[in-house]
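Small disclaimer: the values here were computed from a predicted structure and weren't measured. Every chain is numbered from 1 and lettered A, B, ... according to where its sequence line falls, protein lines coming before strand lines.
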There are 2 protein chains.
Amino acid sequence: MTKKSTQLAYIQAYEYIRDQILNGELERGTKLVEERLAEEMGISRTPVRDSIRKLEQEGLIKDKRVVNPSDSDLRDIFQVRTLLEGFAVRHCAMYMSEGDLDKLQECVKVGRSGTMEQVMTANKEFHEIIIGATNNPVMIDIFERMQSIIYLFRKTVVYHKRPLLIDEHQDIYDAIAAHDADKAEQLMKAHLQLDLEFCLQRMKG
Amino acid sequence: MTKKSTQLAYIQAYEYIRDQILNGELERGTKLVEERLAEEMGISRTPVRDSIRKLEQEGLIKDKRVVNPSDSDLRDIFQVRTLLEGFAVRHCAMYMSEGDLDKLQECVKVGRSGTMEQVMTANKEFHEIIIGATNNPVMIDIFERMQSIIYLFRKTVVYHKRPLLIDEHQDIYDAIAAHDADKAEQLMKAHLQLDLEFCLQRMKG
DNA sequence: TTAAAATATTTTGTATACAAAAACAGAAAT
DNA sequence: ATTTCTGTTTTTGTATACAAAATATTTTAA
């Protein structure tokens, strides 16, 4: 068992608020009031402020409100994301270890057969493994930041599940396994484009 | 005259510390002590802490010390930078406005004829214009963050000036002006590769 | 009734105090 | 001399108080 809980209040606060944002308990656009949150968690304002500042830097909070990305924000994020993942998947096709390949395949498998929660995690992991394989912490960090903003739409994406998503993952995996970098990149780009359109579509509702 | 000075202490502190880091008054690896800085600026610890946290997020401070990037950190940053600027320059070759093209050319011109300070600014601006032309705030933000870390080596780069740099800028400009996206991208990648190697070289000294 | 001004309330920014933790220094033991 | 322990000092994390700024509300005038 990993015991990751820190006793530090500002880390608790950070995790607490972040979770609330990501699972939708704090809706997009909600104003965050330091004192209210502090009281709610039984700590003082100071660590709450720290955590809000941090989340602001990460892009989950903007002007003391839960961020509410516009169409164009989402497009911008996906443009960068496509760039990074395009590079990463190409890297995978050329250098990926057997171990990571197996992990990728497992993600696809679980993506087909698991419970809703498992499917979600596996699909997320699929992309994380690909980015992670670059072994470039700067890249991974940028990716995770964008990921968490995209993740704001998690519920939407879950409830209105995109049907072909898992087939696209399968195809990407196949291209990687076949060491076909060009194809892998092209498939990834198409995949992300569809993801973006799906997000945009759902955002309107 | 733009009057951008904010009265807010934590912004002052942020700018103050950031400047000190970027112009080398605070050397890489220096421990930052909140109270010392607070006293130095005649304010309390609270806004100083805020600004340190912010700079930590931006990557200029790590574990309360001015960041001291390793070889591999620099490589990682340049890998991402190459990706972004490769995309951006390609975009420029296809869509750049006449106005921006002129500005780019001006940068090259000043890069040849200006004072040392002017040359430095112009060369920096050259890249900023290219990234800025994407009109993608997410991308611009990531770029600026990396830029400021690279900028830590400003002095080094100035004193040991890289001779061919400005010719490379000229070539990139020409490719953009000729709408040759492939060539522009390829030249940019080569340019950044040389820049990286120069940085790495100088880092040892 | 609506618009504007004035007032009250909330919320944030900053200073300060204190306790916990970390870093440091010196003494004792190997 | 090197390491380990002890105590001291520094530095950070957190709580709290208060003032400035921003918001909301009420009152007044048209």
Side-chain angles (χ1 to χ4, degrees), chain A residues 2-22 24-70 141 152, chain B residues 2-22 24-70 141 152:
Chain A
T2 49
K3 187 194 169 194
K4 61 141 73 170
S5 74
T6 318
Q7 63 287 25
L8 262 48
Y10 79 95
I11 295 179
Q12 278 180 238
Y14 169 79
E15 288 171 357
Y16 177 79
I17 299 172
R18 187 171 196 275
D19 283 354
Q20 296 239 344
I21 293 175
L22 289 185
E25 285 169 58
L26 283 168
E27 281 180 33
R28 283 177 258 157
T30 308
K31 175 89 191 280
L32 296 176
V33 178
E34 294 170 7
E35 202 153 272
R36 211 187 60 71
L37 286 164
E39 194 171 12
E40 195 174 316
M41 308 179 55
I43 59 178
S44 87
R45 269 181 60 213
T46 314
V48 173
R49 296 197 82 218
D50 281 358
S51 61
I52 288 181
R53 282 282 164 78
K54 191 164 182 213
L55 289 162
E56 224 156 18
Q57 288 276 316
E58 289 184 15
L60 282 175
I61 294 178
K62 191 134 201 164
D63 302 325
K64 319 270 158 190
R65 289 171 185 283
V66 177
V67 76
N68 194 359
S70 67
D141 183 69
L152 282 174
Chain B
T2 49
K3 187 193 168 193
K4 62 138 73 171
S5 74
T6 317
Q7 63 288 25
L8 261 48
Y10 78 95
I11 295 179
Q12 278 179 240
Y14 169 78
E15 288 170 358
Y16 177 80
I17 299 172
R18 186 171 196 275
D19 284 354
Q20 296 239 344
I21 292 175
L22 289 184
E25 285 169 60
L26 283 169
E27 282 180 33
R28 281 176 260 157
T30 309
K31 175 89 193 280
L32 296 175
V33 178
E34 295 170 7
E35 201 154 274
R36 212 187 60 71
L37 287 164
E39 194 171 12
E40 194 173 317
M41 309 180 54
I43 59 179
S44 86
R45 268 180 63 211
T46 313
V48 173
R49 296 196 82 218
D50 281 359
S51 61
I52 288 182
R53 283 281 164 79
K54 190 164 184 215
L55 289 163
E56 225 157 18
Q57 288 277 314
E58 288 183 18
L60 282 175
I61 294 178
K62 191 133 201 164
D63 301 326
K64 319 271 157 188
R65 287 172 186 283
V66 177
V67 76
N68 194 359
S70 67
D141 183 70
L152 283 173

Inset, instruction - Could you tell me whether A/K31 and A/D63 have a side-chain N and a carboxylate O separated by less than 4.0 Å? - result: no
Inset, instruction - Identify, residue by residue, the members of residues 32-39 of chain B with a heavy atom below 4.0 Å from DNA chain D, and return them in order of residue number, or none. - result: B/L32, B/V33, B/E34
Inset, instruction - Could you check if a side-chain atom of B/I52 sits within less than 4.5 angstrom of a side-chain atom of B/I61, using non-hydrogen atoms only? - result: yes
Inset, instruction - With DNA chain C as reference, determine whether B/K31 or B/R45 sits nearer its 5' end, using the nearest nucleotide of each. - result: B/R45
Inset, instruction - Check every nucleotide of DNA chain D for an atom under 4.0 Å from a heavy-atom of chain B, then give the first and the last such nucleotide from 5' to 3'. - result: D/dT11 to D/dT14
Legend entry - Distance in angstrom units between A/I11 CD1 and C/dA21 C1', rounded: 13 Å
Inset, instruction - Look up atom CD in B/E40 and atom CD1 in B/I17, then write down how far apart they are to the nearest 0.5 Å. - result: 9.0 Å
Inset, instruction - Find out whether B/R53 and A/Q57 are in side-chain contact, i.e. whether some heavy atom of one side chain is under 4.5 Å from a heavy atom of the other. - result: no
Inset, instruction - For A/R53, answer base if it contacts any base atom (sugar-phosphate contacts may also be present), sugar-phosphate if it contacts only those atoms, and nothing otherwise; contact means non-hydrogen atoms under 4.0 Å. - result: sugar-phosphate
Legend entry - From CA spacing to verdict: side chain to side chain contact (heavy atoms under 4.5 Å, CB included), A/K64, A/E34: CA-CA 9 Å; A/K64 319 270 158 190; A/E34 294 170 7; 4.0 Å; yes
Inset, instruction - Determine yes or no for a side-chain-to-main-chain donor-acceptor pair under 3.5 angstrom, with A/R65 supplying the side chain and A/G29 the backbone. - result: yes
Legend entry - Neighbours of DNA chain C within residues 56-63 of chain B, by heavy-atom distance under 4.0 Å: none
Legend entry - Residue pair B/P69 / B/R28, side-chain heavy-atom distance below 4.5 Å: yes
Legend entry - Heavy-atom side-chain contact between A/L60 and A/L152 under 4.5 Å: yes
Legend entry - Min side-chain heavy-atom separation A/V66-A/E27 under 4.5 Å: no
Legend entry - From B/K62, B/E56, B/E58, residue fulfilling side chain to side chain contact (heavy atoms under 4.5 Å, CB included) relative to B/V67: B/K62
